[in-house]
Engineer: 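The structure under discussion is supplied below as structure tokens; questions concerning it will follow.
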Amino acid sequence: MNELLHIDALSGLKSLEDESVDCIITSPPYYQLRDYGSDLQIGLENSFQEYIDNLVQVFSEAKRVLKGSGTMFIVIGDTYSGSSIGMKNSNGGIDVNVRDYSFRTNLNELPRKSLMQIPSRLAITLQDDGWILRNEIIWHKPNAMPQSVNDRFTIDYEKIFFFVKQRFYYFNQIKEPMKSDDIGNVRGSKGVIGNLNSGLRDIKSIRTEPLRNKRSIWSIPTKGIAESHFATYPDELVEIMIEAGCPKDGVILDPFVGSGTTALVAKRKGYKYIGFDINQEYLKIANKRLKKTPVVIQLDL
């Protein structure tokens, strides 16, 4: 454990033992977005159905290595049919917003400009494969990159799917500060208010319990890193998933580890980790970041 391997996701998963992982946190390559320079890459398939089928293969193997009590979080964005894509850059990925359709072999799956609903198609197919979908989470990006389109609204979110493999599993409910909208209108002389998780409560008890269960829209700014990698997600996103879905001393797996954010957050919080990626340049970035990441010892008080 505590290693990143230069290997494709499916082969890496096949090397792991049954039920050896507590939590999977990953963001697979998005459809028709980047060329990672490998014949084994996922994302440049001839059709979105082939892309989804390949991901289902990966996550079917992930189900085998995940413990019965385990959890899985998938961060995935959508794609527009026939949209602008990028060209290779020196780091093995590609720069966005550059028109080059040379590696797109099928532009007519849907009418041009159609939002392809890739995340929803993947989630439904994984359900058909036996996964239990517990949440569809919206990662809202308050600092989302401006878009120059003038015939639709700017997209400022990605989806996160929270899956488990059986009905009973590890989950640590996260609390967040209660907002004024939760309290609603005061009614009656007894001072009872509504719109709360547990039904009706006395106002006095609300004042002493100003927390609520965490909601499924997470507003977290994007955050770049010094090294050149375009598909990073912020540490805070991973911290929430780990806190909610992985027991202490658990093993966290990212089969598409990229620049290593999942692994470095796991290391910093004192968890074991393992990651796979087919792009050696990204693994160099990930290992460089890991070397700079201290382990924070958390004491039980």
Engineer: Under a 4.0 Å N-O cut-off, is there an ion pair linking E236 with K223?
Structural biologist: no
Engineer: Among I76, I160, I124, find the one that has a side chain to side chain contact (heavy atoms under 4.5 Å, CB included) with P119.
Structural biologist: I76
Engineer: Going by side chain to side chain contact (heavy atoms under 4.5 Å, CB included), Y36 matches just one of D8, I278, I42, L44. Which one?
Structural biologist: I278
Engineer: Any ring-ring contact (aromatic ring centres under 6.0 Å, His included) involving residues 52-74? Give me the pairs, sequence neighbours left out, ordered by first then second residue.
Structural biologist: F73-F162
Engineer: Taking Y273 as the fixed residue, which of L290, V21, D254 is the one that meets the side chain to side chain contact (heavy atoms under 4.5 Å, CB included) rule?
Structural biologist: L290
Engineer: Ignoring hydrogens and angles, tell me if any N or O in the side chain of K165 forms a donor-acceptor pair with the backbone of L66 under 3.5 Å.
Structural biologist: yes
Engineer: Tell me every residue that passes side-chain hydrogen bond (donor to acceptor under 3.5 Å, both in side chains) with S38, counting only those two or more places apart in sequence or in another chain.
Structural biologist: none
Engineer: Under a 4.0 Å threshold between the charged nitrogen and the carboxylate oxygen, would K67 count as salt-bridged to D22?
Structural biologist: yes
Engineer: Any carboxylate oxygen within less than 4.0 angstrom of a Lys/Arg side-chain nitrogen, looking at K14 and E61?
Structural biologist: no
Engineer: Regarding K159 and D78, does a basic nitrogen lie under 4.0 Å from an acidic carboxylate oxygen?
Structural biologist: no
Engineer: Between CD1 of I274 and CD of E3, what distance do you get to the nearest 0.5 Å?
Structural biologist: 5.0 Å
Engineer: Test the R121-F48 pair against the cation-pi criterion, namely NZ or CZ under 6.0 angstrom from the six-membered ring centroid and within 45° of the ring axis.
Structural biologist: yes
Engineer: Classify the ring geometry between Y169 and F171 as parallel (under 30°), tilted (30 to 60°) or perpendicular (over 60°).
Structural biologist: perpendicular
